[in-house]
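Presented below is the structure to which this report refers.
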Amino acid sequence: MHASTRILLFMVAVVAIVGGWWVLVVNNPFPAAVVYASLWTAAVLLVTFLLIKVGFGYNRYSARRKPGGAAQAASAESALAELKRLRDNGLISPEEYEAKRTQIIDRL
(Lines give C-alpha, C1' and ligand atoms only; values in the text may rest on other atoms or scores of the structure.)
Protein backbone atom coordinates (compact mmCIF):
# COMPACT_ATOMS: atom_id res chain seq x y z
CA MET A 1 0.00 0.00 0.00
CA HIS A 2 1.29 3.42 -0.88
CA ALA A 3 2.29 5.69 2.01
CA SER A 4 -0.22 8.40 1.05
CA THR A 5 -3.06 5.87 1.20
CA ARG A 6 -1.88 4.74 4.62
CA ILE A 7 -1.74 8.34 5.87
CA LEU A 8 -5.22 9.08 4.52
CA LEU A 9 -6.58 5.94 6.17
CA PHE A 10 -5.08 6.96 9.53
CA MET A 11 -6.52 10.47 9.17
CA VAL A 12 -9.99 9.00 8.57
CA ALA A 13 -9.48 6.75 11.62
CA VAL A 14 -8.55 9.74 13.82
CA VAL A 15 -11.65 11.64 12.68
CA ALA A 16 -13.82 8.56 13.36
CA ILE A 17 -12.30 8.12 16.82
CA VAL A 18 -12.71 11.77 17.80
CA GLY A 19 -16.24 11.89 16.42
CA GLY A 20 -17.13 8.66 18.18
CA TRP A 21 -15.81 9.91 21.48
CA TRP A 22 -17.77 13.15 21.13
CA VAL A 23 -21.04 11.35 20.35
CA LEU A 24 -20.55 8.81 23.13
CA VAL A 25 -19.56 11.36 25.80
CA VAL A 26 -22.46 13.68 24.95
CA ASN A 27 -25.11 10.94 24.94
CA ASN A 28 -24.03 8.72 27.87
CA PRO A 29 -23.05 9.11 31.54
CA PHE A 30 -19.30 9.73 31.74
CA PRO A 31 -18.12 6.35 33.15
CA ALA A 32 -20.13 4.42 30.55
CA ALA A 33 -19.04 6.82 27.81
CA VAL A 34 -15.37 6.16 28.57
CA VAL A 35 -15.90 2.40 28.34
CA TYR A 36 -17.89 2.66 25.10
CA ALA A 37 -15.45 5.14 23.60
CA SER A 38 -12.51 2.91 24.47
CA LEU A 39 -14.21 0.00 22.72
CA TRP A 40 -14.99 2.29 19.78
CA THR A 41 -11.34 3.34 19.55
CA ALA A 42 -10.15 -0.27 19.61
CA ALA A 43 -12.65 -1.23 16.90
CA VAL A 44 -11.67 1.67 14.62
CA LEU A 45 -7.95 0.92 15.02
CA LEU A 46 -8.53 -2.78 14.39
CA VAL A 47 -10.46 -2.06 11.18
CA THR A 48 -7.78 0.41 10.09
CA PHE A 49 -4.96 -2.10 10.57
CA LEU A 50 -6.98 -4.84 8.83
CA LEU A 51 -7.56 -2.57 5.84
CA ILE A 52 -3.84 -1.85 5.67
CA LYS A 53 -3.00 -5.57 5.84
CA VAL A 54 -5.40 -6.55 3.05
CA GLY A 55 -4.12 -3.72 0.87
CA PHE A 56 -7.05 -1.30 0.88
CA GLY A 57 -6.56 1.18 -1.98
CA TYR A 58 -3.95 -1.00 -3.64
CA ASN A 59 -4.22 -0.96 -7.39
CA ARG A 60 -3.40 -4.50 -8.43
CA TYR A 61 -3.42 -3.61 -12.14
CA SER A 62 -0.74 -0.95 -11.85
CA ALA A 63 1.30 -3.09 -9.45
CA ARG A 64 1.63 -5.80 -12.11
CA ARG A 65 2.87 -3.35 -14.70
CA LYS A 66 6.58 -2.92 -14.91
CA PRO A 67 7.89 0.60 -14.30
CA GLY A 68 8.84 2.53 -17.40
CA GLY A 69 6.66 0.48 -19.72
CA ALA A 70 6.57 2.97 -22.62
CA ALA A 71 10.25 3.87 -22.33
CA GLN A 72 11.23 0.22 -22.11
CA ALA A 73 9.18 -0.61 -25.22
CA ALA A 74 10.80 2.27 -27.13
CA SER A 75 14.30 1.14 -26.16
CA ALA A 76 13.46 -2.44 -27.16
CA GLU A 77 12.15 -1.20 -30.48
CA SER A 78 15.35 0.71 -31.20
CA ALA A 79 17.44 -2.28 -30.08
CA LEU A 80 15.52 -4.57 -32.44
CA ALA A 81 15.97 -2.10 -35.31
CA GLU A 82 19.71 -1.94 -34.65
CA LEU A 83 19.88 -5.73 -34.44
CA LYS A 84 18.05 -6.05 -37.78
CA ARG A 85 20.48 -3.56 -39.34
CA LEU A 86 23.44 -5.62 -38.12
CA ARG A 87 21.94 -8.80 -39.55
CA ASP A 88 21.09 -7.16 -42.89
CA ASN A 89 24.67 -5.85 -43.21
CA GLY A 90 26.04 -9.33 -42.50
CA LEU A 91 27.74 -8.31 -39.26
CA ILE A 92 25.94 -11.00 -37.25
CA SER A 93 24.63 -14.41 -38.25
CA PRO A 94 20.90 -15.25 -38.40
CA GLU A 95 21.38 -17.51 -35.35
CA GLU A 96 22.96 -14.67 -33.37
CA TYR A 97 20.15 -12.40 -34.52
CA GLU A 98 17.46 -14.81 -33.28
CA ALA A 99 19.21 -15.39 -29.94
CA LYS A 100 19.62 -11.68 -29.26
CA ARG A 101 16.09 -10.91 -30.50
CA THR A 102 14.69 -13.49 -28.07
CA GLN A 103 16.66 -11.89 -25.20
CA ILE A 104 15.31 -8.42 -26.01
CA ILE A 105 11.73 -9.63 -26.27
CA ASP A 106 12.01 -11.60 -23.00
CA ARG A 107 12.98 -8.40 -21.18
CA LEU A 108 9.64 -6.79 -22.06
Side-chain angles (χ1 to χ4, degrees):
M1 176 183 295
H2 195 268
S4 62
T5 306
R6 214 175 284 134
I7 291 169
L8 180 63
L9 196 55
F10 278 122
M11 288 172 53
V12 169
V14 167
V15 169
I17 290 169
V18 170
W21 271 80
W22 180 77
V23 168
L24 291 167
V25 168
V26 167
N27 294 321
N28 292 302
F30 188 73
V34 171
V35 171
Y36 297 150
S38 298
L39 292 172
W40 171 252
T41 301
V44 169
L45 290 176
L46 178 67
V47 169
T48 302
F49 288 119
L50 287 175
L51 287 173
I52 288 172
K53 285 295 178 192
V54 298
F56 175 76
Y58 182 71
N59 187 339
R60 288 178 175 85
Y61 172 73
S62 63
R64 277 187 267 130
R65 289 184 8 210
K66 293 180 181 175
Q72 189 175 13
S75 69
E77 190 176 328
S78 64
L80 288 171
E82 175 66 16
L83 194 60
K84 184 177 183 303
R85 186 188 68 75
L86 291 171
R87 183 196 62 190
D88 291 345
N89 291 337
L91 298 172
I92 60 172
S93 69
E95 294 81 22
E96 290 172 320
Y97 170 80
E98 283 302 320
K100 197 66 170 166
R101 180 180 170 276
T102 303
Q103 274 184 341
I104 293 169
I105 291 174
D106 286 344
R107 282 188 287 175
L108 291 179

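Only heavy atoms go into these numbers, but all of them, side chains included; no hydrogens, no water, no symmetry mates. Quantities reported herein were computed from a predicted structural model and do not represent experimental measurements.
- A distance of 9.0 Å separates CZ of Arg101 from CZ of Arg87, quoted to the nearest 0.5 Å.
- Neither Val12 nor Val14 shares a network with the other; the hydrophobic side chains, linked directly or stepwise wherever heavy atoms of I, L, V, M, F, W or Y lie under 4.5 Å apart, form separate groups for each.
- A distance of 9.5 Å separates OG in Ser75 from CG in Leu80, rounded to the nearest 0.5 Å.
- Checked against Trp40 for a side chain to side chain contact (heavy atoms under 4.5 Å, CB included), the options Val35, Leu24, Val23 give a single hit: Leu24.
- With rounding to the nearest 0.5 angstrom, the CZ atom of Arg85 is 9.5 Å from the CD1 atom of Ile92.
- One finds the CH2 atom of Trp21 at 13.5 Å from the OH atom of Tyr36 (value rounded to the nearest 0.5 Å).
- Taking 4.5 Å as the limit, some side-chain heavy atom of Leu45 sits within range of a side-chain heavy atom of Thr41.
- Inter-residue side-chain proximity for Phe10 and Thr48 is flagged as met; some heavy-atom pair is nearer than 4.5 Å.
- Interatomic distance, OG of Ser38 versus CD1 of Ile17, reported as 10.5 Å (0.5 Å rounding).
- Here the shortest heavy-atom pairing between Glu98 and Thr102 reads O-OG1, 2.7 Å.
- Interatomic distance, OH of Tyr97 versus CG of Leu86, reported as 10.5 Å (0.5 Å rounding).
- Ile104 is connected to Leu91 through a chain of hydrophobic side-chain contacts under 4.5 Å among Ile, Leu, Val, Met, Phe, Trp and Tyr, so both are in one cluster.
- Val44 and Val47 fall within the same hydrophobic cluster, where Ile, Leu, Val, Met, Phe, Trp and Tyr residues are linked whenever their side-chain heavy atoms come under 4.5 Å apart, directly or through other members.
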